[in-house]
Enquirer: 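Could you have a look at this structure, given as structure tokens, before my questions?
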Amino acid sequence: MGAPWRLGLALLALIGLCAAGPVFDWGLPPGVAPPPVPADNPMSPAKVALGRRLFYDADLSIDGTMACATCHEQRRGFSDGNAAHPGVNGEPGRRNPMTLANVGYFGALTWGDPRIGSLERQSIVPLTGNHPVEMGLTEQGKVLAGRLGADPCYRRLFAQAFPDGGGRIELTTIAKALAAFERTLISRDAPFDRYRRGDRAALSASAQQGMALFYGPGQDCASCHAGSLFTDAAGAPTGSLAAFHRIEPVSDRPDQGLKDITGDPADAGRFRTPSLRNVALSAPYLHDGSAPTLGEAIRRHGVMLKDTDLTDLTAFLNSLTDQGFVTDPRFSLPKPGCPAP
Ligand code: HEC
Ligand code: HEC
């Protein structure tokens, strides 16, 4: 059988290895492409394992009480049940914690700040931000590096995850490992996906009605909750304002969304389209958590809908819940103790 063919493949594999390091196994369902990965933060199993550990570690907050997972719980699609979550010093949170499914694909992150285009950049915000204070390491990235560096387990895990940089423990490598873990949070196996793969029984009649409304010209929900990730932030270029929309009349509430960043009055009340994957698990809703139910969140768009339409739309949104994702052991709290080398 075709030796040249085999040789060609071997050569290709070799070129791939030299150019991009070993190929990372994303373990994705067929037909699903992995998210883009920045050239300076290649994926590796060691880095993802480190990022997962960091994500669940309350030592990432100033007083050891708060992990990323405190506000991003797996069983809620990596969101939490509060309208807003107070930071370590009790300062009330400003916004509703977001779900993290498929974040690796989004070119615009957070509800209102188009400058935050990468996960590497984003995680610095909860760690060190002071508007509001969340994990409380304001100006103190060094405290964190010192704290983790004092732990022999972390020293080994950073050395394995960042062999080229000598395993340096600093805010940038912490952020890179967190980002690598977050890129693996891919949710593409909800009843909706099974329906699209041909399993007609995966959606109830009501959910199918809701789907027709969702994509129909009357509502056109998919003009913003676009594509298979249900947000136009997927694939948006960094800095683009295209994924920020106003769904309600501008109010005098303190959070003016995009305007707080751009200063442009026309941007008042514009927020980034949230993904709707696993949305049934992430109540309450909207940037300030002011909508307790899906029905209320939909009504707040100012749409005219009959109660039956709302029921059907809600049934459709329920079909975006991916039970495999929210129970996947790869994304859960890691076992206590240091993993074997
Ligand atoms: C105190 C609660 C809290 C903690 C702790 C927290 N987050 Fe968040 N997270 C939020 C809130 C609130 C938002 C929305 C922020 C905004 O829009 O201004 C958010 C947004 C995000 C987003 C953007 C998601 C998207 O779709 O745009 C990512 C990614 C994220 N957080 C990751 C993390 C990581 C990593 C950590 C740990 C280093 C962390 N978060 C810790 C509350 C929290
Ligand atoms: C013009 C763009 C646009 C259209 C059209 C649109 N949405 Fe939204 N949707 C948004 C934005 C932006 C938000 C967040 C608004 C906020 O937080 O204040 C949102 C929020 C939501 C939420 C809450 C999600 C969460 O995590 O908080 C749901 C549910 C939702 N939309 C469903 C729908 C449905 C169903 C339709 C069609 C009837 C629809 N949307 C049409 C832009 C849109």
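Start at 1 and go down the list; that is how both ligands and their atoms are numbered.
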Enquirer: I'd like the name of whichever of Cys68, Ala233, Ala177, Ala58 reaches closest to atom 38 (C) of ligand 1 through any heavy atom.
Expert: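 Result: the heavy atom closest to atom 38 (C) of ligand 1 is in Cys68.
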Enquirer: What protein heavy atom sits nearest atom 12 (C) of ligand 2, and how far away is it?
Expert: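 Checked against all protein heavy atoms, atom 12 (C) of ligand 2 sits closest to Phe271 O, 3.3 Å.
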Enquirer: Please list the nearest protein heavy atom to atom 21 (C) of ligand 2 with its residue and the distance rounded to 0.1 Å.
Expert: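 Heavy-atom neighbour on the protein nearest atom 21 (C) of ligand 2: His301 CE1, 3.3 Å.
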Enquirer: At a 4.0 Å cut-off, with the gap strictly under it, does some heavy atom of Thr70 reach an atom of ligand 1?
Expert: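 It does not, in that no heavy atom of Thr70 comes within the 4.0 Å cut-off of ligand 1.
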Enquirer: Examine Cys71 and say whether one of its N/O/S atoms is closer to atom 8 (Fe) of ligand 1 than 2.8 Å.
Expert: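 It does not: Cys71 brings no N, O or S atom closer than 2.8 Å to atom 8 (Fe) of ligand 1.
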Enquirer: Between the candidates His287, Arg272, Glu91, which shows the shortest non-hydrogen contact distance to atom 26 (O) of ligand 1?
Expert: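 Selected option, by shortest heavy-atom distance: Arg272.
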Enquirer: For Asp312 and Ser206, test the side chains for any donor-to-acceptor distance below 3.5 angstrom and give the result as yes or no.
Expert: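 Present: a donor and an acceptor within the cut-off.
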Enquirer: Nearest heavy atom to atom 29 (C) of ligand 2 wins, so pick from Leu294, Leu310, Asp309.
Expert: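 Answer by nearest heavy atom: Leu294.
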Enquirer: Looking at non-hydrogen atoms alone, which of Glu134, His72, Arg95 comes nearest to atom 7 (N) of ligand 1?
Expert: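 Residue with the shortest heavy-atom distance to the ligand atom: His72.
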Enquirer: In ligand 2, which numbered atoms sit nearer than 4.0 Å to a non-hydrogen atom of Cys224?
Expert: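 Those of ligand 2 that fall under 4.0 Å from Cys224 are 1 (C), 2 (C), 3 (C), 4 (C), 5 (C), 42 (C), 43 (C).
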Enquirer: Under 4.0 angstrom from ligand 1, any heavy atom of Arg94?
Expert: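 It does not; every heavy atom stays at 4.0 Å or beyond.
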Enquirer: Going by heavy atoms, is Trp111 under 4.0 Å from ligand 2?
Expert: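 A heavy atom of Trp111 does come that close to ligand 2.
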